[in-house]
Amino acid sequence: MDTSNPAVFVNAQLIPNFIGKRVRTVVQVNQYGGGVATAKSTDDSQLTIKGLPQVPIMNFIEVIGIAESSNSIDAELWTDFGNTFDTNSFNQLCQLANGEFKGLFL
């Protein structure tokens with residue numbers, strides 16, 4: 001496992017803290033066209049995800065990439081999680097990974 005460039009777990013609220021850095025998040029795709037998806041974050045904000053292949057609308061995807069701005073990620077990797085996902089648990093994970101238990105995460 002390569003730990004030289006870890007991706008920080010984030011939701012939309014946390015992305016502004018990591019602009020220019022590698023992040024990992026989960027979004028629900030609302031619209032797709034030309035390699036760009038408009039998606040809803042797990043904390044109900046709109047994000048733009050660039051560099052994706054065709055993605056099923058309304059599916060949840062995990063995205064690993066560079067945070068370009070407070071609402072945009074340039075995707076390097078993505079995984080389709082299907083049409084059901086526990087967004088509340090992911091938001092709690094993001095808070096733990098960036099808070100009191102930050103040391104437990106890469």
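These numbers come from a predicted model, not from an experiment. Residue numbers count from 1 along this sequence.
Two different hydrophobic clusters hold Val23 and Ile66 under the rule that ILVMFWY side chains link at heavy-atom gaps under 4.5 Å. Taking hydrophobic clusters as Ile, Leu, Val, Met, Phe, Trp and Tyr residues chained together by side-chain heavy-atom distances below 4.5 Å, Ile61 does not share a cluster with Ile64. The hydrophobic clustering, which links ILVMFWY residues whose side-chain heavy atoms are closer than 4.5 Å, places Val63 and Phe18 together. Residues Val10 and Ile19 do not share a hydrophobic cluster, clusters being chains of Ile/Leu/Val/Met/Phe/Trp/Tyr side chains in contact below 4.5 Å.
In this structure, the side chains of Gln13 and Gln95 come closer than 4.5 Å at one or more pairs of heavy atoms. Between Phe101 and Leu93 the shortest side-chain heavy-atom distance does not fall below 4.5 Å. Contact annotation: the side chain of Val36 never approaches that of Ile49 to less than 4.5 Å [non-hydrogen atoms, C-beta and beyond]. Side chains of Ile15 and Leu47 form a contact here, defined as non-hydrogen atoms less than 4.5 Å apart.
The heavy-atom pair separating Val29 from Ala37 by the smallest distance is CG1-CB, 4.3 Å. Of all non-hydrogen atoms in Arg24 and Phe90, the two that sit nearest each other are O-CZ, 4.1 Å. Contact record, Ser72 with Lys50: OG-CE, 3.6 Å, taken as the closest heavy-atom pair. Nearest heavy-atom pair, Thr25 versus Asn11, reported as atom, atom and distance to 0.1 Å: OG1-CA, 4.0 Å.
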For this session: Please report the C-alpha distance between Phe9 and Leu96 in whole Å, then the side-chain angles of each, then the deciding distance to 0.1 Å, and finally whether the side chain to side chain contact (heavy atoms under 4.5 Å, CB included) criterion is met.
Result: CA-CA 9 Å; Phe9 284 98; Leu96 291 171; over 6 Å; no
For this session: Any chance you could lay out the side chain to side chain donor-acceptor pair (under 3.5 Å) test for Asn30 and Thr38, step after step, and finish with the verdict?
Result: CA-CA 6 Å; Asn30 294 328; Thr38 301; over 6 Å; no
For this session: Could you walk me through whether Asn83 and Phe60 pass the side chain to side chain contact (heavy atoms under 4.5 Å, CB included) test, one step at a time?
Result: CA-CA 6 Å; Asn83 59 9; Phe60 289 92; 5.6 Å; no
Exercise. Stepwise, does the side chain to side chain contact (heavy atoms under 4.5 Å, CB included) test hold for Lys40 with Gln46?
Worked result: CA-CA 5 Å; Lys40 183 171 76 168; Gln46 184 172 303; over 6 Å; no
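A donor-acceptor pair under 3.5 Å is absent between the side-chain atoms of Tyr32 and the main chain of Ile57, judged by distance alone.
Applying the salt bridge (Lys or Arg N to Asp or Glu O under 4.0 Å) test to residues at least two apart or on different chains, none of the pairs has a partner in residues 86-99.
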Name the atoms and distances for all side-chain donor-acceptor pairs under 3.5 Å in residues 73-81, with sequence neighbours left out.
from, atom 1, to, atom 2, distance (Å)
Glu76, OE1, Arg22, NE, 2.7
Glu76, OE1, Arg22, NH2, 3.1
Asp80, OD1, Asn59, ND2, 3.1
Asp80, OD1, Gly82, N, 2.8
Asp80, OD2, Asn59, ND2, 3.1

